[in-house]
Amino acid sequence: MDRPLTRRGLLKGSVLFVAGAAVSACSTGDPLAKGTSAPAGSGAKITLTHWYHEYGEEGTQQAAMKYAADFTKANPDIAVKVSWIPGDYATKWTAAVLTPDGPDVYEVNDVSPNMVKAGQVTALDDVLGAEKADFNPKVLQPYTWGGQVYAVPMIIDPMLVFYRKSLFQKAGVSVPKSFAEFAAAAKKLTQGKQKGLFVGNDGIGDLGQMTAWSSGNLLVDDRTITYDDPKVAEALTAVKDLYDSKAMLQGYSTDWWDPGALINGAAAMQWVGLWAVPGLTEALGDDFDAFPLPPFGPGGRAVVNMGGWVQVVNGKSRNLEAAKKYVRWLWVDNTAAQTDWSLAYGFHIPPRNSAAAKADKLTSGPAKTVMDAVAAHGIKQPALWTPEVRQPWEDAITDIVKKGADARKTLAAAAKRSQDLLDKVPVL
Amino acid sequence: MTTTAPARPAAGRSRRPSGRRAARWPAWRAFLLLTLPMVAGLFVFKYVAIGWGFLLSFNDARGTIALGDWNGLDNYRRLLGDPAFTRSLVTILLFTLFIVPVTFALSLGLAVLVNRLRRGRALFRTTFFIPAAVSYVVGALVWKMSLFSGTPSGVANSLAYLLGHDDAIGWVAAVDPPLYWIVLVTVRLWLQTGFYMILFLAGIQQIPAQLYEAARVDGAESEGRLFRHITWPMLRNTSVAVVLLLIINAFQAFDEFYNILASNLSGLGRADGRTPLIYLFQTALGEQNYGAGSAGAFVVTMLIVVFTLLQGRFAGFGRTAEEEG
């Protein structure tokens, strides 16, 4: 390669280089997206981008794209590009909304005051409109800051304990009414290659937090950390005993949100959500049911965790009005789409009370058990239990449950740290 | 570009130097043309970003990467006052102190053995090197879901069963005793040993054969003595480079820790086996505290620099033979 560089060669090279750059620039428009759809009929003046995390159920992606296409049909000057984001969704949207090219509409689990302050979300009271009263108030509450609501709930995902009826019968176990009975059942159901309980591959999952809730302490009360509490320490010690008894499945091939372990009989009880009901029914018929995590101790309460996803509009969106119009069309007005989204794939509760009341599929079998449990024992995580505030608590759980650290002392130190972090969260 | 050569060399004295310069100019042009895009890219995408990150580390930057809300050393104070962060630094120190010598010894040993083969050297070299071509993510998932899965049918559990251990062990979840380290260390060894073996092999093959012959003539018969007195000293530059790369790689451990210990819906894994980079990933991208995240990145960078300098001081990296006297 010692030929001198000729002018023509240089020219040719530059042209190729520029062409290559242009081609690669075109193809990297949305490098994170697994599948995208820009609807045909490119007469649209505005294109909104709409991000979803990867829903596991078959058909969900096609459904999301169909809603977007239907919206464009009704509003020909607004196109919607749906991006389906696989893997670690949370870190991807947090990075994307820092740029001017972030998604216009995206879904999240929590809206923190920092997000509001940074303009990553925008108030959606006008989007909710008169229908606001029809939304489950428990679910709207954590997304309300300074009297304004920053999200439109899409689905409610109750999580509780599912179990195999036949395995309960075989072992002579009945649905537990207290944590002690629950732990005893887990031990009794551990036989041969079958474990009693599956809450997560790390062996703890959400059980630490849920057991603390079931002792009657929600860990945070407005702007005060409350988990430095003897009852919570007692609850975590009980979780430790359960962990030590080797009745819990660990390191399974799928994690807690997939009902695989229950279906394959690797565990007799599993902490999982309502979404798993169609899959469980298909695999097990009616050989399964659910119960809330039973109360811990005398002052305790039964617990069903009400998770779920909400839709937010990026405050930095260049097409704010169009984005709001789209969100209102899809998640407020379009009850047919909401019902389809909640019930045609995995099961979720539609957040609009009127739609939930009409959800026929949730009125029989285990789905009904779950609905009743939600009505009686549903708890929505307090809004200020942010990932940052939560971290010292989660480290404390590992230390107490897995390493046998002194529960009272560990909790006291962690609570102090959580409180410091909570104090730094801006007041809105 | 002041070195434009005169169109026609002046007759007489200064002919030679300027002529050489003129001959060099196309080479310079090619050099600039080829390196400029790379240097410009490095500047824009690395140095500007690093500088911005440094400034950001003195800001209260939550949910934003804009400068303006200066808070002095608060982020550094927050980090160093957080037991979770200091614990992650201790974790990575211990991991480095363990993984560096073990990888070093294994890859050097393999290189010496492969080099001594009379037949099939290429086969073994390739076999040991192939894991280096596997991504850390793939390796981590194979280790987590197949070799060390917690079900009775996992490979490690099947072996344990043959050895008389009936109960299925949750390798990744077990913290006391910390069995997860077995998973993390073995996957890293499998992935990186082959690569460093190739570096050592290249180093060994640079050693002139006459040295060994001369030593044999002088009566050094045993392989051990040949290794100690010829191979080892002649490999010094390779060894120093390998240790340097190993230390940097160990401090930046992220991929296998992230993929083995975390499951992306239930957060980023627990306190055990949380490396500084995982902690910072969580701080910056999970909690959107970009100021503290940047500050942490500089703390880790400082650690790597300090370690590298110390190592350079002890091993004498880059010193020439004359400097050593």
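So that the names make sense, note that chain A is the first sequence line, chain B the second, and so on, each numbered from 1.
In this structure, the portions of B:Arg78 lying under 4.5 Å from any heavy atom of chain A include both its backbone and its side chain. Neither the backbone nor the side chain of A:Asp420 comes within less than 4.5 Å of any heavy atom of chain B. B:Asn289 touches chain A through its side chain: at least one heavy atom from C-beta onward sits under 4.5 Å away, while N, CA, C and O do not.
Counting heavy-atom pairs closer than 4.5 Å to chain B, the top-ranked of the candidates A:Lys117, A:Met248, A:Lys246, A:Met115 is A:Lys246. In terms of heavy-atom pairs under 4.5 Å with chain A, the best-connected choice from B:Thr64, B:Ile65, B:Asp82, B:Val175 is B:Asp82. The most heavy-atom pairs under 4.5 Å with chain A, out of B:Ala173, B:Gly81, B:Ser149, come from B:Ala173. Ranked by heavy-atom pairs shorter than 4.5 Å toward chain A, the options B:Ala66, B:Ser146, B:Gly150 are led by B:Gly150.
Contact record, A:Pro387 with B:Gly286: CG-O, 4.1 Å, taken as the closest heavy-atom pair. Taking both residues in full, the closest heavy atoms of B:Tyr290 and A:Thr94 are given as OH-O, 3.3 Å, listed atom of the first, atom of the second, then distance. Across B:Gly63 and A:Ala118, no two heavy atoms sit closer than the pair O-CB, 3.1 Å. Taking all atoms of both residues into account, the shortest heavy-atom contact from B:Pro83 to A:Arg417 is CD-CD, 3.7 Å.
Shown here is A:Lys403, whose NZ atom has more than 12 heavy atoms of other residues, nucleotides or ligands within 6.0 Å. No more than 12 heavy atoms of other residues, nucleotides or ligands shown are found within 6.0 angstrom of OH on B:Tyr161. For B:Trp70, the CH2 atom is densely surrounded, since the number of other residues' heavy atoms within 6.0 Å is greater than 12.
Residue A:Thr254 holds its OG1 atom at 8.0 Å from CE of B:Met145, rounded to the nearest 0.5 Å. Rounded to the nearest 0.5 angstrom, B:Tyr279 OH and A:Gln391 CD are separated by 5.5 Å. Rounding to the nearest 0.5 angstrom, the gap separating the NZ atom in A:Lys424 from the CZ atom in B:Arg62 is 6.5 Å. Within the model, atoms CG of A:Asp88 and CG of B:Asn259 stand 10.0 Å from one another, a figure rounded to the nearest 0.5 Å.
Looking only at atom types and distance, the side chain of A:Gln120 has a donor-acceptor partner in the side chain of B:Gln288 under 3.5 Å away.
Heavy-atom proximity under 4.5 angstrom to chain A picks out nothing from residues 178-186 of chain B. Of all residues in residues 151-160 of chain B, those placing a non-hydrogen atom less than 4.5 angstrom from a non-hydrogen atom of chain A are B:Thr151, B:Pro152.
The shortest distance between side-chain heavy atoms of B:Leu285 and A:Trp93 does not fall below 4.5 Å. In this structure, the side chains of A:Thr386 and B:Glu287 stay at 4.5 Å or more apart for every pair of heavy atoms.
Electrostatic pairing of A:Lys193 and B:Asp167 does not count as a salt bridge here, judged by no charged N lying under 4.0 Å from a carboxylate O. Comment: A:Asp395 engages B:Arg274 in a salt bridge, judged by a side-chain N to carboxylate O separation of less than 4.0 angstrom.
A donor-acceptor pair under 3.5 Å is absent between the side-chain atoms of A:Gln250 and the main chain of B:Trp171, judged by distance alone.
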- Determine, step by step, whether A:Lys402 and B:Asp272 satisfy the salt bridge (charged side-chain N to carboxylate O under 4.0 Å, His left out) criterion, reporting the C-alpha distance in whole Å, the side-chain angles of both residues, the deciding distance to 0.1 Å, and the verdict. CA-CA 10 Å; A:Lys402 289 196 172 179; B:Asp272 295 278; over 6 Å; no
